[in-house]
Amino acid sequence: MARPSRYPLELRRRAVRMVAEVRGDHPTETAALQAVVEKLDIGSRETLRNWVKQHEIDAGQRPGTTTEESAQLKAFRGSSTALEAVHGRVGGSRGHPSAMALMRKTSSRCHLSPGCTRRRRRPLA
């Protein structure tokens, strides 16, 4: 479970709006971000930059995964994991009993182990 956000949703929305409003007053986007960060006492400029970027993605102005798509993917992954647990496929092919037995048989048979049945190669001389 994700930890709750340090900043309320309304503060994030207000900050993104403020960046859009003051962008023209500053020579660079970084300067605009810094001005808003200082006014609203947000921890870092990168935090605000990520909020602005996600807002642009959600608005269709920039390519990327929208917040809604991200939520759908998260729900899908959760249901997929639950189905795998129900059907006993949690570990993938490694979780299958016959695959586990095969791995045990092959991994313990090495010429370096005491019970090795393979012959050592003769050194080239």
Side-chain angles (χ1 to χ4, degrees):
M1 183 175 182
R3 84 176 165 78
S5 176
R6 181 175 164 187
Y7 303 100
L9 182 60
E10 187 52 43
L11 173 71
R12 290 181 282 178
R13 288 179 178 160
R14 180 175 170 213
V16 169
R17 280 193 310 266
M18 285 179 71
V19 169
E21 291 170 3
V22 301
R23 217 176 240 160
D25 301 341
H26 297 278
T28 64
E29 182 180 6
T30 303
L33 290 167
Q34 189 62 42
V36 174
V37 162
E38 291 170 0
K39 282 182 186 175
L40 297 179
D41 195 29
I42 297 171
S44 81
R45 189 175 56 224
E46 254 337 277
T47 299
L48 181 55
R49 187 186 315 276
N50 288 334
W51 295 346
V52 170
K53 185 170 81 170
Q54 189 61 52
H55 174 74
E56 290 171 353
I57 290 170
D58 290 345
Q61 299 169 351
R62 174 181 252 187
T65 305
T66 65
T67 304
E68 185 179 325
E69 291 170 340
S70 181
Q72 289 173 349
L73 285 170
K74 185 177 178 181
F76 174 74
R77 286 187 189 118
S79 65
S80 173
T81 304
L83 287 173
E84 287 174 352
V86 168
H87 291 292
R89 296 183 191 160
V90 174
S93 63
R94 291 182 295 162
H96 194 273
S98 62
M100 293 297 287
L102 180 63
M103 284 174 44
R104 269 195 306 274
K105 286 179 186 175
T106 57
S107 65
S108 65
R109 306 258 186 211
C110 173
H111 70 278
L112 300 175
S113 65
C116 179
T117 59
R118 290 193 297 175
R119 295 184 184 180
R120 293 179 188 231
R121 291 186 182 179
R122 292 186 184 176
L124 299 173

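Keep in mind that the numbers below use all heavy atoms, side chains included, and drop hydrogens, waters and symmetry copies. Since this is a predicted model, take the numbers as computed values, not measurements.
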* To do: Test Leu33 against Val19 for side-chain contact (heavy atoms from CB on, under 4.5 Å), laying out the working first.
  => CA-CA 6 Å; Leu33 290 167; Val19 169; 3.8 Å; yes

Between [X] and [Y], what is the shortest heavy-atom contact and its length?
| X | Y | answer |
| --- | --- | --- |
| Glu69 | Gly64 | OE1-O, 3.9 Å |
| Asp58 | Thr66 | OD1-CA, 3.4 Å |
| Ile42 | Ala15 | CD1-CB, 3.9 Å |
| Ala32 | Arg23 | CB-CA, 4.0 Å |

* To do: Go through the side-chain N and O atoms of Gln54 and Asn50 and say whether any donor and acceptor fall under 3.5 Å apart.
  =>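 Judged by distance alone, the side chains do not pair up.
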
* Should the heavy atoms of other residues, nucleotides or ligands under 6.0 Å from CD of Gln61 be counted, would the total exceed 12? ->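 It does: Gln61 CD has more than 12 such atoms within range.
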
* To do: Check the pair Arg13 / Leu9 against side-chain contact (heavy atoms from CB on, under 4.5 Å), numbers first and verdict last.
  => CA-CA 6 Å; Arg13 288 179 178 160; Leu9 182 60; 3.4 Å; yes

* Using a strict cut-off of less than 4.0 Å between a Lys/Arg side-chain nitrogen and an Asp/Glu carboxylate oxygen, indicate whether Arg49 and Glu46 qualify as a salt bridge. =>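 Answer for the salt bridge query: yes.
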
* Cluster question for you: counting only ILVMFWY and a side-chain heavy-atom cut-off of under 4.5 Å, with indirect links fine, are Leu40 and Val52 together? ->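 Yes, Leu40 connects to Val52 through the hydrophobic network.
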
* Under a single-linkage definition using a 4.5 Å side-chain heavy-atom cutoff for Ile, Leu, Val, Met, Phe, Trp and Tyr, are Trp51 and Ile57 assigned to the same hydrophobic cluster? ->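 Result: no, two separate clusters.
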
* Asked: In Å and rounded to the nearest 0.5 Å, what is the CZ to CE distance from Arg14 to Met18?
  ->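 Arg14 CZ to Met18 CE: 5.5 Å, rounded to 0.5 Å.
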
* Atom CZ of Arg6 and atom CZ of Arg12: how far apart are they, to the nearest 0.5 Å? ->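 Separation between the atoms: 12.5 Å.
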
